Amino acid sequence: MSSSDSSSEAPPNDLKPLYFVAWLLCALFYLYQYAARSAPGVMQGQLTDAWGGNHIGAMISAYYVAYAVTALAAGLLLDRYGAVRTMPYAVALVGVGCLVFAQGSEIAGMIGFILQGIGAVFAFIGSSYVAARNLPARMYAMFTGLAQCLGMLGAAFGSKPVQMAIDPSGSIGMSWQHVWTLFAGMGFILAAATWTVMPREQGDGANHGDLSPSSLVRPFKVVLGNIQSWLAGAIGGLLFVPTTIGAMVWATSFLHVGEHVSMAQAASDASMVPIGWVIGCPLLGYVSDKIGRRKPVLVAGAVVMLAAGLAAVYLPEAALPRYLVPLALGIGSGAAMIPFTMIKEANPAEVKGTASGVMNFLVFLTTGVLSPFVSRLMTPSSDAPLSLHEFQEGFLPLIVGIGLAILLSFFIRETGTADHSTARQRATAPANEALRVP
């Protein structure tokens, strides 16, 4: 099956089955790599026994360094060569990384996980790229949210089912090496399906010129020279960290130690945030596409986040119905996906992949800057555990960050389809007036 869409063509008005399946395979890649990324978290005991020490922290740090650096190259490669010449290889690289991990040694685990990080960064960027080029613009934010939703489901798949598979007292009794071999097989099958289905468009290499330092730098100059890109990156990063750092790292300790909630209940409450994310990402994307505007949905979701964050940190745990606050925080944080849509809409079509890569880099940069700062605030100065007040001080930068994101949202330009329609109407009004018969 072939298709040759030129880069100059606008996205289609109708949802075509081939392009939808191509996007779905990229989104399933996002689910798959999230499952593989989450698996070491439930293998810590087995990996410690096999390697003679707990090296999970260093391995995960190396993964995210590789992920963040590759994010910039991933968007550039997609713009230059298109999805069909990049995505299947990226999926296969994650599969190879899983296969290397399955060899069992510590060095194999480190190399395999880094290879997974290099390939995995193409998943979300690639799904966004395919959606931006080949799916109706009026549905773009919804598909971006759906991809993120599948990623969260992948995180769940990489935790509980993997834990059940390797549980020595369970009925499956699979070794952790065999789990990685199974992950590798899934990756190779997905890579073959992606190669078969992906439309044969050739990217925008002609628009980017021959391979040279100047041609490689030019797309980044376009994206980074646009103030809208920086605003989108800052807003997205500030709205991501309350969930990635606050909810997923420190929420359980805060509830258990600071609020004196049982560990089981604290973990259950914290798990509602990613569930809310699964709801909020596609929901807010759908609403944004439906009304044809990004900024109202972005601000509304961020305001819900701010209210839920304030309630979570400063109100007693029993002041509101259980699960309400973390669920609302997760749903509202779906607004963090809106800037991913806006950065691509604010830049030319031939650099949409680069824009997505820059967005990922800026979000990870924000996380990398704030994570050590918040961790330092959360580290006790003595042997005594943190008090409730100290936890509140630790969460304060994240709450202030949400407020700053709301403020910046008033300065970023509206990129929704309704705004474009209004602009076109204004542009054609003088011509229509001139043609009117008196």
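As the structure is a computational prediction, the values presented were derived from the model and not from experiment. Numbers here simply count residues along the sequence, with the first being 1.
Across all their heavy atoms, Pro339 and Met359 have their closest contact at CB-CE, 3.5 Å. For the pair Met59 and Pro40, the tightest heavy-atom approach, listed with the atom from each and the gap, is CE-CB, 3.8 Å. In plain terms, the two heavy atoms of Leu284 and Gly334 that are nearest each other are CD1-C, 3.6 Å. Residues Ala311 and Leu320 come closest through the heavy atom pair CB-CD1, 4.2 Å. The nearest pair of heavy atoms linking Gly233 to Thr366 is O-OG1, 4.4 Å. Considering all non-hydrogen atoms of both residues, Trp23 and Ala131 come closest at CD1-CB, 3.9 Å.
Looking only at distances, no side-chain donor or acceptor of Thr417 sits under 3.5 Å from a matching main-chain atom of Arg138. For the pair His256 (side chain) and Ala266 (backbone), a donor-acceptor distance under 3.5 Å is absent. Of the possible donor and acceptor atoms, none in the side chain of Trp277 sits under 3.5 Å from a partner among the backbone N and O of Ile331.
Within the 4.5 Å cutoff, the side chain of Met337 has heavy atoms near those of the Phe124 side chain. Side chains of Ile118 and Tyr67 form no contact here, defined as non-hydrogen atoms less than 4.5 Å apart. When side chains are defined from C-beta on, Ile275 counts as touching Met272, because their heavy atoms get closer than 4.5 Å. Looking only at side-chain heavy atoms (C-beta outward), Ser356 and Tyr129 stay at 4.5 Å or farther from each other. Two residues are said to be in side-chain contact when any heavy atoms from C-beta on lie closer than 4.5 Å; Pro242 and Ile399 fail this criterion. Using a 4.5 Å cut-off on side-chain heavy atoms (C-beta onward), Glu259 and Leu388 make contact. When side chains are defined from C-beta on, Phe122 counts as touching Thr70, because their heavy atoms get closer than 4.5 Å. Put simply, the side chain of Phe183 reaches to within 4.5 Å of the side chain of Val162, judged on heavy atoms.
Ring geometry for Trp180 against Phe113 counts as perpendicular: the plane angle is over 60°, on a 0 to 90° scale with 30° as the lower cut.
Ring centroids of Phe340 and Phe240 are separated by less than 6.0 Å, placing the two rings close together.
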side-chain contact (heavy atoms from CB on, under 4.5 Å) between Gln33 and Phe29: does it pass, once the steps are laid out?
CA-CA 6 Å; Gln33 63 84 29; Phe29 176 29; 4.2 Å; yes
Carefully, step by step, assess Ile402 and Leu238 under the rule side-chain contact (heavy atoms from CB on, under 4.5 Å).
CA-CA 6 Å; Ile402 300 174; Leu238 291 171; over 6 Å; no
Step by step, would you call Met198 with Val130 a side-chain contact (heavy atoms from CB on, under 4.5 Å)?
CA-CA 9 Å; Met198 192 63 64; Val130 172; 4.2 Å; yes
Taking it one step at a time, do Cys26 and Met87 satisfy side-chain contact (heavy atoms from CB on, under 4.5 Å)?
CA-CA 8 Å; Cys26 294; Met87 295 304 294; 3.8 Å; yes
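If you take CG on Leu153 and CD on Gln148, they are separated by 10.5 Å, rounding to the nearest 0.5 Å. Here the CD1 atom belonging to Ile343 is positioned 14.0 Å from the CD1 atom belonging to Ile338, to the nearest 0.5 angstrom. Note: Thr354 OG1 to Asp79 CG = 3.5 Å, rounded to the nearest 0.5 Å. Here the CH2 atom belonging to Trp176 is positioned 10.5 Å from the CG atom belonging to Asp49, to the nearest 0.5 angstrom. Here CG of Leu408 is found 5.5 Å from CD1 of Ile235. Values are rounded to the nearest 0.5 Å. Taking CG of Leu370 as the start and CG of Leu365 as the end, the distance is 9.5 Å to the nearest 0.5 Å.
Remark: the His178 side chain and the Thr181 side chain contain no N/O donor-acceptor pair separated by less than 3.5 Å.
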Going by atom type alone, with no hydrogens or angles, which donor-acceptor pairs under 3.5 Å involve a side-chain atom of residues 294-310 and a protein atom two or more places apart or on another chain?
{"residue": "Arg294", "atom": "NE", "partner": "Glu345", "partner atom": "OE1", "Å": "3.1"}
{"residue": "Arg294", "atom": "NE", "partner": "Glu345", "partner atom": "OE2", "Å": "3.4"}
{"residue": "Arg294", "atom": "NH1", "partner": "Ser288", "partner atom": "OG", "Å": "2.8"}
{"residue": "Arg294", "atom": "NH1", "partner": "Asp289", "partner atom": "OD1", "Å": "2.8"}
{"residue": "Arg294", "atom": "NH2", "partner": "Asp289", "partner atom": "OD1", "Å": "3.4"}
{"residue": "Arg294", "atom": "NH2", "partner": "Glu345", "partner atom": "OE2", "Å": "2.6"}
{"residue": "Lys295", "atom": "NZ", "partner": "Phe410", "partner atom": "O", "Å": "3.4"}
{"residue": "Lys295", "atom": "NZ", "partner": "Ile412", "partner atom": "O", "Å": "2.9"}

In a table with atom names and distances, give each donor-acceptor pair under 3.5 Å that connects a side chain of residues 94-105 to protein atoms at least two apart or in another chain.
{"residue": "Gln103", "atom": "NE2", "partner": "Leu99", "partner atom": "O", "Å": "2.9"}
{"residue": "Ser105", "atom": "OG", "partner": "Ala108", "partner atom": "N", "Å": "3.1"}

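Enclosure of atom OH in Tyr314 by more than 12 non-hydrogen atoms of other residues, nucleotides or ligands within 6.0 angstrom is indicated. Atom OH of Tyr286 has 12 or fewer neighbouring heavy atoms from other residues, nucleotides or ligands inside a 6.0 Å radius.
For the pair Arg37 and Tyr34, the cation-pi test (distance below 6.0 Å, angle within 45°) is passed.
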